[in-house]
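Quick notes on the structure that follows.
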Amino acid sequence: MTPEQVGLPAGGRRRVKGLRREEVAYLANVGLSWYTAIEQGKVHPSIQVLRSISEALLMTETDKEYLFKLLIDNNAKDMVSNNQVPLEIKKVVSSLDPNPTYLLDKIWDIKYWNDSAEILFGFSDYIKNIKRDKVNLMEYFLISPNIRKLTEDWETKAKIMVGRYRAEYLQYPKDEQFINELDFLKEYPLFREEWKKENLDVIQNGNKNFFHPDLKNSSFKLLVLQSPEYRQLKILTFITEN
C-alpha cells in the first residue's frame, strides 16, 4: 500500500515500500506508542482499535477476519459452554442492582440478569413466548415487542445491532456454536439482509434512552465491563444519569 492510496503525500525517499508506522497510527487515529506496542505484541487492543487499523489499511473482509482473530486469547477461560456462569460474575451482576444489568456470552446469549433488568427488559416473559429456552440478545432485539416499545427508531437500532453482531462473529469465525446461532438468526429477514451488507460496529460505552412507563428517568449510561480472565463474557450495565 502506498501513501497515495490512502490520501497521504508521498514525501521524500523511503527505505521500504508502503506506509510508515507513524502514518498507519495517524490514519487509524491511534497513538504512535500504542500502535507500536500493538505491533510488538505487548498489549491487547480492543475491537474498536483493530477496526480503526483495518479501515486505515483498507483491508478486505478476509484480512479483517484474521486481524480480529488476533484479539482472541487462546488461554481465555470459556466457562459458559455448559451454562456454567462463574459465581463471582453472577455476584457482580446482582450487586449492580438497581442498575439494569445482564451478562452476555460470545454468541450474545444472555446468561444472567438482575432484578432491574427483568423489570426493564422483561426477559422472563419474553422467553415464555418463544420456541427456545434461552434469551439471545440479537434475536430479542429482532422480535421482542417490548424492545420495540422501549427503543426509539427501532429499525435503525436493529440494523446497528447486526453490525455489532458481525464484529463479535469475526472473533470466532470457525466456532460451531456461533455458526449455528448465525444460521438461526438468518431466518429473520432484517438480519439476513443487513448481514449481507457486511457493516461493522462495536458495543461500547455510551448514552442510551429507554421509554418505559415505570421509569422515572429514561436516560442511561451504558457501561461495558469485561474481565481479563473471562474474555468471552461481557457485563452490560445501564447506569441512571441522575
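These numbers come from the heavy atoms of this one structure, side chains and all, not from hydrogens, waters or symmetry mates.
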Just jot down the side-chain hydrogen bond (donor to acceptor under 3.5 Å, both in side chains) partners of Glu152, sequence neighbours excluded, or say none.
none
Tyr188 meets the ring-ring contact (aromatic ring centres under 6.0 Å, His included) criterion, sequence neighbours left out, with none
Could you tell me which residues satisfy side-chain hydrogen bond (donor to acceptor under 3.5 Å, both in side chains) with Ser95, sequence neighbours excluded, listed by chain and number?
none
Just jot down the side-chain contact (heavy atoms from CB on, under 4.5 Å) partners of Asn29, sequence neighbours excluded, or say none.
none
Any residue meeting side-chain contact (heavy atoms from CB on, under 4.5 Å) with Ser94, in chain and number order, not counting sequence neighbours
Tyr112
Measure the CD1-OG1 distance between Ile239 and Thr101 for me, rounded to the nearest 0.5 Å.
6.0 Å
Report the residues that fulfil side-chain hydrogen bond (donor to acceptor under 3.5 Å, both in side chains) with Arg21, sequence neighbours left out, ordered by chain and then residue number.
Glu39
If hydrophobic clusters are built from ILVMFWY residues whose side chains come within less than 4.5 Å, do Phe238 and Ile160 share one?
no
Lys208 charged N/C atom sitting above Phe220 aromatic ring, 6.0 Å / 45°
no
Side chain Arg164, main chain Val202, donor-acceptor under 3.5 Å
yes
Excluding sequence neighbours, so at least two apart, what forms side-chain hydrogen bond (donor to acceptor under 3.5 Å, both in side chains) with Asp115?
none
Got a sec, which pairs hit salt bridge (Lys or Arg N to Asp or Glu O under 4.0 Å) with one end in residues 47-57, sequence neighbours left out?
Arg51-Glu55
I'd like to check the ring-ring contact (aromatic ring centres under 6.0 Å, His included) partners of Tyr35; sequence neighbours left out, ordered by chain and number.
none
Pairing residues for Trp195 by the ring-ring contact (aromatic ring centres under 6.0 Å, His included) criterion, not counting sequence neighbours:
Tyr169, Phe191
Rounding to 0.5 Å, atoms NZ (Lys186) and NZ (Lys196) come to a distance of 9.5 Å
For Ser116 and Pro98, indicate whether the former's side chain and the latter's backbone hold a donor-acceptor pair under 3.5 Å.
yes
Does Lys111 offer a backbone N or O that forms a donor-acceptor pair with the side chain of Asp109 under 3.5 Å?
no
Which donor-acceptor pairs under 3.5 Å do side chains of residues 119-126 form with protein atoms, sequence neighbours excluded?
residue, atom, partner, partner atom, Å
Ser124, OG, Glu118, OE1, 3.0
Ser124, OG, Glu118, OE2, 3.4

Nearest 0.5 angstrom please: Ile147 CD1 to Leu137 CG, how far?
8.0 Å
Could you work out, with salt bridge (charged side-chain N to carboxylate O under 4.0 Å, His left out) as the rule, every residue matching Glu181, not counting sequence neighbours?
Arg132, Lys134
Has Asn114 got a side-chain atom pairing as donor or acceptor with Val93's backbone, closer than 3.5 angstrom?
yes
